[in-house]
Amino acid sequence: MSIKSVPDDIGSEEFANWLQSLRRDIHRHPETAFKEERTSNLVANLLESWGLVLHRGLAKTGIVATLHGKRGPGRTIGLRADMDALFIDEKNNFKHKSCQQGVMHACGHDGHTAMLLGAARLLAKNPDFKGTVQFIFQPAEESEGGGRVMIEEGLFDMFPCDAVYAVHNAPGLPTGDFAIRSGPMLAAGDTWEVEFSGSGGHGAMPHTATDPITAAGAFINTVSTIVARNVPSSEAAVLSIGHIHAGDYNSPNIIPGNVLIRGTARSFTAETRDLLEDRLHCLADHNARAFQCEAAFRFIRRYPPLVNRQDQVDIAAQAARHVAGDDRVTTDIDPIGGSEDFAFMLEEVPGAYMLIGNGPGPFVHSDTYDFNDDILLTGVRYWMALVSMELDGQTS
Ligand SMILES: [Zn+2]
Ligand SMILES: [Zn+2]
């Protein structure tokens with residue numbers, strides 16, 4: 001695909017075809033966290049060829065591209081797309097299947113990148129707005145916190161924004177519908193672990209040992225009381241244990257000296273997040289002491305809750321209604337237990353995270369998932385409407 005020949009008429013078949021081939025090209029060449037070099041080069045070359053001013057290298061492969069409106073200075077907004085793929089072996093058999101074994105665009109970030117590039121193409125051709133748009137292409141959304149790293153490396157110091165926006169596709173939501181909520185929309189996703197240690201000993205003489213298995217068993221039974229007894233009924237939270245390791249398969253007659261338990265914690269407010277950490281820590285310590293063992297506890301904060309602001313939700317929903325019609329935009333969906341790196345950006349700058357329906361089909365992170373090309377133009381139109389709403393107060 002020649003960069004120079006990129007079409008610039010959103011209503012034309014050529015533009016739709018270009019957008020689809022761009023999305024499929026990215027899908028075929030997936031790259032994981034902080035290694036999105038081909039993708040980053042592709043994005044940068046296109047943006048540069050359209051005359052945008054680029055800053056590269058934030059969080060290794062991240063890009064910020066600046067576009068000033070032709071109607072003079074005004075507000076600045078950041079539009080974010082994520083570029084990374086996952087360690088999944090793709091099971092699809094279509095032509096644009098991943099050419100990288102074990103790596104797959106299974107979350108639709110190929111589509112997010114293509115949609116934001118499509119909007120950048122059209123806005124670069126006719127920047128008919130007041131103020132500035134920062135196009136933010138971030139690496140490592142999946143579990144590595146690339147957005148957080150961009151912020152730590154000065155994203156909003158170098159490129160201050162008055163508001164930030166992101167879009168994520170949502171399998172299960174009808175094709176091209178939009179969904180959002182104000183306030184907490186996605187959960188904080190944290191990892192916790194406890195290592196119980198005792199003396200261990202001969203399985204036939206437990207009275208000579210201190211047994212961390214007993215302490216761990218008692219602890220496991222009390223974990224479920226945290227959500228049931230400590231979290232207010234108006235709040236949602238989840239604690240799950242996903243990993244337990246102790247002893248050796250070949251040694252059932254030995255009481256091990258250590259038991260490791262690892263789990264996940266999900267919450268929607270800073271207060272509940274702190275409460276989960278405190279109560280887990282307390283129960284780990286006291287159950288250990290009750291059985292003459294010790295507990296080493298760690299709570300590893302990964303992603304904060306994603307909290308949308310009402311003002312930006314109103315603008316985002318208005319843009320979505322302009323594109324899809326009133327009856328295809330929901331503004332009060334239930335909070336979702338998943339997590340998202342964009343939450344770090346929303347801690348710094350007010351904004352809104354919008355879902356766009358990917359239609360029926362496998363959920364994200366499935367090895368048979370694919371981004372729905374039918375929503376590419378819808379996504380571009382959403383971005384265009386949002387820029388108009390935000391920077392002109394109108395959709396024309
Ligand atoms: Zn994902
Ligand atoms: Zn994703």
Side-chain angles (χ1 to χ4, degrees), residues 23 26-27 29-36 39-40 43 59 61-63 78-92 98 100 102-117 136-150 164-173 175 177-181 185-191 242 264 266 302-306 308 316 333 335-346 351-359 361-373 375-376 378-379 382-383:
R23 200 287 291 181
I26 300 170
H27 188 92
H29 301 94
E31 297 167 303
T32 53
F34 300 119
K35 297 196 182 91
E36 306 89 343
T39 314
S40 180
V43 169
T61 54
I63 297 169
L79 311 181
R80 187 222 62 170
D82 37 17
M83 302 188 289
D84 57 319
L86 289 149
F87 288 105
I88 294 178
D89 208 15
E90 179 159 12
K91 294 287 186 292
N92 291 312
S98 168
Q100 193 73 33
V103 182
M104 174 187 176
H105 267 296
C107 204
H109 299 184
D110 48 346
H112 305 163
T113 298
M115 291 190 297
L116 191 56
L117 279 172
I136 303 167
F137 290 86
Q138 77 150 82
E141 189 284 319
E142 304 279 4
S143 74
E144 300 296 330
R148 171 180 50 76
V149 177
M150 284 185 92
V164 286
Y165 295 89
V167 176
H168 204 294
N169 76 96
L173 188 65
T175 307
D177 279 20
F178 289 87
I180 196 167
R181 67 174 284 117
M185 175 158 149
L186 296 177
D190 300 317
T191 299
T264 190
R266 305 291 164 128
R302 297 178 68 84
Y303 292 120
L306 182 142
N308 282 331
I333 56 162
I336 300 164
S339 300
E340 158 66 68
D341 193 18
F342 187 59
F344 287 109
M345 295 191 190
L346 290 179
Y353 176 82
M354 175 66 87
L355 296 178
I356 178 169
N358 204 54
F363 203 63
V364 290
H365 295 205
S366 148
D367 57 11
T368 53
Y369 165 87
D370 193 29
F371 185 87
N372 184 349
D373 286 327
I375 60 172
L376 285 167
T378 314
Y382 168 73
W383 282 132

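Both backbone and side-chain heavy atoms feed into the values below; hydrogens, waters and symmetry mates do not. Counting convention: from 1, in listed order, for ligands and their atoms alike.
Using a 4.5 Å cut-off on side-chain heavy atoms (C-beta onward), E141 and H112 make no contact.
The closest approach of E142 to the Zn ion (ligand 1), by N/O/S atoms, is made by OE2.
Among the backbone and side-chain atoms of C107, an N/O/S atom is found under 2.8 Å from the Zn ion (ligand 1). For the Zn ion (ligand 2), the N/O/S atoms of H112 include none lying under 2.8 Å.
No close placement of the H105 and H29 rings is indicated, their centers lying 6.0 Å or farther apart. The aromatic ring centroids of F363 and Y369 lie 6.0 Å or more from each other.
Just one residue in the list Q138, R80, R148 forms a side-chain hydrogen bond (donor to acceptor under 3.5 Å, both in side chains) with D341, and that residue is Q138.
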